[in-house]
Amino acid sequence: MKRTHHCNELRPDHVGQTVTLCGWVHSRRDLGGVIFVDIRDREGRTQAVFDPSDLPPETFHQAEALRSESVIRVAGQVRRRPAGTDNAKIPTGAVEVMARELAVLNLAEPLPFQIDDPEAAAKVNEEMRLAYRYLDLRRPEMIRNLRLRHKVATATRNYFDEQGFLEVETPMLFKSTPEGAREFVVPCRTNPGLFYALPQSPQQFKQILMVAGVERYFQLAKCFRDEDLRADRQPEFTQIDVEMSFIDREDIYATIEGLLKRVWKTALGVEIPTPFKRLPFVEALNRFGIDKPDLRFGMELGDLTEEFRRSAFKVFSGAVANGGVVKALNAKGLACATQGQIQAMTDIATGFGAKGLAFIKVENGEWKSPIVKFFGDAEKAALTQKLGIEEGDLILFAAGEWLTSCEILGKIRLFAADFLKQQGRLNIPPGRFEFLWVVDFPLLSFDREQNRWYSSHHPFTAPVAEDISLLKTDPKRVRGQHYDVVVNGVELGGGSIRIHQPDVQKAIFEDVLQIPPEVAKARFGYLLEAFRYGAPPHGGIALGFDRLIAILCGTPSIRDVIAFPKTAKGTCLMTDSPGAVEPKQLRDLYLELKGPKKE
RNA sequence: GGGGGCGUAGCUCAAUUGGUUAGAGCGCUGCCCUGUCACGGCAGAGGUUACGGGUUCGAGCCCCGCCGCUCCCGCCA
């Protein structure tokens, strides 16, 4: 006998019908004479009533013996609840099922942790939740996350289908490309001594698909990176991967804005305004000290380089003389910061290599600071005017190299915002989303240790056309056709217009990145060759799907939106992976263990 | 690789500055209860304080090591 309804379906309209429900015992309330059982499935829950005056004794005894989370099937008649006993907390609360038959499909043992009380369940250790993930996922909050993930995946596929994209699967077994993230390697039995690597992204395949004439590609692609984990980083994760031919940056912006509009509408019923703001990289750093600014609050950085160029305060004027800058941040209302908080901010600064963190507390109409005695009246006036200084403010300074100075204050800006949020002085409504494109990234960054240039994004990124002549003369100033999409201080994704001319690509590899020709050929030869046989101009983007879902679910950790995530050490507490392999498996792979073997 | 936090009953947490027999709520077991919905009442069981050392008359508490979880830095083209 199959179920006739799910557990969030019965309403007063169903009164009189004989129904069968299947699900888990959410809770049992045994009043001695009558027993109430809430039967729950993924849709919701419904109350069943077991009345001894109306039932065979065996059935009633079975109901007495039920335990939480047992799986049962209940058949009976729907009836209106007696007056005054409705439960307004659940959608089925106006009715109940008068049980006639009960089948215990699986009698559950006492659970390692309770899942019926949402507040208690939310506090259970993550270790416990991961070890018994199948119990954790029964909680309505978790099934809601899985459902929302599914809805967004479906909306994504529908959207790209409507836009003429093809979803193409690319290989999981690829080869090692040592640039970039550390890879998971997979020994290849049929080619002893050789290894596959799991892709850190389908980057090269999707470009090849453009050469193949696919024109519009997307994929919900699994990617793998053997790097240390974070709340927003798992060793395997999912990207919405996109590539298009015969387009420029504007086409990517429009396509992704359309996608996010659809996704937000589907998931949250919210209309997000498009087009998104555009912010050049340099401006993002100058104003917010970070390349993924959170625009939900102000506290922008000020530039005081000119004001302090000839200052008596040698730390500032010296920094300017060395080609550096003087930047300042007004942490509004934070003059009350404790010694410990000032120290925490100083630690942020010293972590970036600064010698210290200069500050001014504006309290009782006075500037309290170890450095203010070096400031002239003009400098004070400029500070007051540029930073809008008022009573109760805390001013923080960074002087030195431009990027570092901006980044220091960018971190402190976020620290100050967190502090204000904790104090309830900065309120950001949970439904607020500030999207933007960060554009005009530098194509190249310089590695001081290795004394060479490396790609800020990846080596396939095309330079901005008018900057190409600078590649050899002034690489630092070359902008890449790279873009990031950012929401609320989170990098949702990034991409670029690619190089599609083999000579330009070869020049980037060999002349700029100083990759020896034979190495470039071994790693990327097939791509360079493909570009010789008719490569369309193309570009693309990849969005972090797990992060996207986490934002929509309002959770800080992507583990909450992945059905079976790994711990911070990359293990699975439920299956106990990774695990050892049999000696025979190693022999088949021509492998020998040298390190300590874990049993 | 580095830094911070946590680990006490099945779960969530207490336990005065190092001091008697390590407590509570929930869950579990038994009994009572015919309109509950976090049902209620009574009674009971349940502990190698993650693990291994050390200091001390005495350690859940202090020290060293180790394991696990977590957050951050490095890392993530």
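We name chains A, B, ... by the order of the sequence lines, and we start the count at 1 in each one.
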Candidate pair A:Q422 and A:D418, rule side chain to side chain donor-acceptor pair (under 3.5 Å), full reasoning | CA-CA 6 Å; A:Q422 275 171 30; A:D418 278 340; over 6 Å; no

What integer number of Å spans the C1' atoms of B:G35 and B:U21?
-> 44 Å

Return the value, rounded to whole Å, for the distance between atom CG of A:D30 and atom C1' of B:G41.
-> 13 Å

Distance in Å, A:C223 SG paired with A:Q200 CD, rounded so as to fall on 0.5 Å steps = 9.0 Å

What integer number of Å spans the P atoms of B:G44 and B:G23?
-> 14 Å

Taking atom C1' in both B:C73 and B:U49, compute the distance separating them and give it to the nearest angstrom.
-> 33 Å

What is the nucleic acid contact for A:I35, judged by heavy atoms within less than 4.0 Å: base, sugar-phosphate only, or nothing?
-> nothing

Looking at every strand, decide which applies to A:R28 at a 4.0 Å heavy-atom threshold: base, sugar-phosphate, or nothing.
-> nothing

Walking RNA chain B from its 5' end, the first of A:E127 and A:F460 to be reached, judged by nearest nucleotide, is A:E127

Watson-Crick or G-U counterpart of B:C69, or none if no pair lies under 3.5 Å | B:G5

So NZ of A:K566 and CG of A:L130: to nearest 0.5 Å the spacing works out to 10.5 Å

According to the Watson-Crick and G-U wobble definitions, with both distances under 3.5 Å, which nucleotide is paired to B:C75?
-> none

In a check of side chain to side chain donor-acceptor pair (under 3.5 Å) between A:Q207 and each of A:H500, A:H538, A:R498, which one passes?
-> A:H538

Between B:C76 and B:U8, how far apart are the P atoms? Round to whole Å, please.
-> 36 Å

A:S456 or A:A568: which one's nearest nucleotide on RNA chain B is closer to the 5' end?
-> A:A568

Please state the C1' separation for the pair B:A59 and B:U16 - nearest whole angstrom.
-> 16 Å

Rounded to whole Å, the CG-P distance (A:L414 to B:C73) equals 11 Å

Before accepting this row, confirm whether a basic side-chain N of the pair A:R233/A:E227 lies closer than 4.0 Å to the acidic partner's carboxylate O.
-> no

May I have the distance from A:D418 (atom CG) to B:C72 (atom C1'), rounded to whole angstrom?
-> 13 Å

Pairwise C1' distance for B:G27 and B:C39, with rounding to whole Å = 16 Å

For atom CZ of A:R230 and atom P of B:C76, their distance in whole Å | 11 Å

Identify all pairs in which a protein N or O lies below 3.5 Å from an N or O of nucleotides 3-10 of chain B, and state each distance.
from	atom 1	to	atom 2	distance (Å)
B:G10	O2'	A:P112	O	2.5

Any chance the rings of A:F60 and A:F50 have centres within less than 6.0 Å?
-> no

Under 3.5 Å: donor-acceptor pair, side chain of A:D86, backbone of A:A88 = no

Taking CG from A:D560 and C1' from B:C69, how many angstroms apart are they, rounded to a whole number?
-> 15 Å

Nearest-angstrom distance, P atom, B:A9 to B:A14 = 12 Å

First locate atom CZ of A:F545, then atom CD1 of A:I558, and finally report the distance between them rounded to the nearest 0.5 Å.
-> 12.0 Å

Can you check whether A:K569 has a side-chain N or O nearer than 4.0 Å to OP1 or OP2 of B:G68?
-> yes

Between B:C63 and B:G47 - P atom distance, rounded Å = 29 Å

Is it the case that A:T567 and A:E127 place a side-chain donor and acceptor less than 3.5 Å from each other?
-> no

Polar pairs (N or O, both sides) under 3.5 Å between protein and nucleotides 34-38 of chain B?
from	atom 1	to	atom 2	distance (Å)
B:U34	OP2	A:G33	N	3.3
B:G35	O6	A:R79	NH2	2.3
B:G35	N1	A:R79	NH2	3.3
B:G35	N1	A:E96	OE2	2.9
B:G35	N2	A:E96	OE1	2.4
B:G35	N2	A:E96	OE2	3.2
B:U36	O2	A:R29	NE	2.5
B:U36	O2	A:R29	NH2	3.2
B:U36	O2	A:Q47	OE1	3.4
B:U36	N3	A:Q47	OE1	2.8
B:U36	N3	A:Q47	NE2	3.2
B:U36	O4	A:Q47	NE2	2.8
B:U36	O4	A:R81	NH1	3.1
B:C37	O4'	A:R29	NE	2.9
B:C37	O2	A:Q47	OE1	3.4
B:C37	O2	A:N87	ND2	3.0
B:C37	N3	A:R81	NH1	2.7
B:C37	N4	A:R81	NH1	3.3
B:C37	N4	A:T85	O	2.2
B:A38	OP1	A:K89	NZ	3.1
B:A38	OP2	A:K89	NZ	2.9

Is any N or O donor-acceptor pair between the side chain of A:R233 and the base of B:C75 shorter than 3.5 Å?
-> yes

Partner of B:G60 under the Watson-Crick or G-U wobble criteria, both distances under 3.5 Å, comes out as none

Rounded to the Å, how far apart are A:D228 CG and B:C71 P?
-> 12 Å

Would you mind classifying the nucleic acid contact of A:A181 as base, sugar-phosphate or nothing, using non-hydrogen atoms under 4.0 angstrom?
-> sugar-phosphate

Polar contact flag, side-chain donor to acceptor under 3.5 angstrom, A:Q204-A:Y526 | yes

note: A:D347, atom CG; B:G2, atom C1'; distance rounded to Å ~ 14 Å

Could you tell me whether A:S68 contacts a base, only the sugar-phosphate backbone, or nothing, with contacts defined as non-hydrogen atoms closer than 4.0 Å?
-> nothing

Can you check whether any acceptor in the base of B:G27 is under 3.5 Å from a donor in the side chain of A:R67, or vice versa?
-> no

Quick one: do the A:E64 and A:H61 side chains pair a donor with an acceptor below 3.5 Å?
-> yes

Contact class for A:A121 vs. all strands (heavy atom < 4.0 Å): base, sugar-phosphate, or nothing?
-> nothing

Interatomic distance where CG belongs to A:L229 and P belongs to B:G68 [whole Å] | 14 Å

For B:C39, the nucleotide meeting Watson-Crick or G-U wobble distances (both under 3.5 Å) is none

Which of these, A:L443, A:D503, A:I515, sits in a side-chain contact (heavy atoms from CB on, under 4.5 Å) with A:I508?
-> A:L443

